[in-house]
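Position 1 is the first residue of the sequence, and the numbers go up from there.
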Amino acid sequence: IKQNRGSSGEGIWIIKLKSGEYCKEFGESSCTDDDVLDLTEANDNHAEEHTVAEFVEFCVNGRNDKSGTWTSKGVGKYLEGGRAAGGQLVDQRFCPR
């Protein structure tokens, strides 16, 4: 998942399910708010562990009680300002350099 602004790597997250239990076919199942994610931010390759709900909250509203504790240098709020301000998220396959 990446924010639609800039290219410094901030707001670009490589995301995996902590459980490693993926569906056999695309669309066969969905994550729940309490599924745990292993997250790696591309700007500095640091790792974080958060629930789906915490990650979504961080992406929408930034750091707060609902988003948990983050070590990222970024502040989240990737949708701030709406489409006109570039506030969008892109689901893009990760291609290592």
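In this structure a side-chain-to-backbone donor-acceptor pair under 3.5 Å is missing from R63 to G68. A donor-acceptor pair is defined here as one N or O able to donate and one able to accept, closer than 3.5 Å; no such pair exists between the side chain of T40 and the backbone of A47.
For the pairing with L39, the side chain to side chain contact (heavy atoms under 4.5 Å, CB included) check across K16, E49, H50 returns one residue only, H50.
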> After noting the C-alpha distance and the side-chain angles of S67 and E54, does the key distance pass the side-chain hydrogen bond (donor to acceptor under 3.5 Å, both in side chains) rule?
Replying inline: CA-CA 4 Å; S67 68; E54 290 171 334; over 6 Å; no
> Going through the distances and angles, do T71 and H46 end up as a side-chain contact (heavy atoms from CB on, under 4.5 Å)?
Replying inline: CA-CA 8 Å; T71 59; H46 84 279; 3.3 Å; yes
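The CD1 atom of I15 sits 10.5 Å away from atom CD of E41, with the distance rounded to the nearest 0.5 Å. The CD atom of E48 sits 11.0 Å away from the CG atom of D38 when rounded to the nearest 0.5 Å. Separating the CD atom in E57 from the CG atom in D33 is a distance of 10.5 Å, to the nearest 0.5 Å. Atoms CG and CD1, from L37 and I1 in turn, are 10.0 Å apart once rounded to the nearest 0.5 Å.
Proximity of V36 to L17: side-chain heavy atoms (C-beta onward) are nowhere separated by under 4.5 Å. T51 places none of its side-chain heavy atoms less than 4.5 Å from the side chain of D35. Contact check for L89 versus L79: side-chain heavy atoms found under the 4.5 Å cut-off.
Counting heavy-atom neighbours within 6.0 Å of E28 CD, excluding the residue itself, gives a total above 12. The neighbour count for N64 CG, taken as heavy atoms of other residues, nucleotides or ligands under 6.0 Å away, is above 12.
The stretch residues 73-86 participates, sequence neighbours left out, in these side chain to side chain donor-acceptor pair (under 3.5 Å) pairs: W13-Y78.
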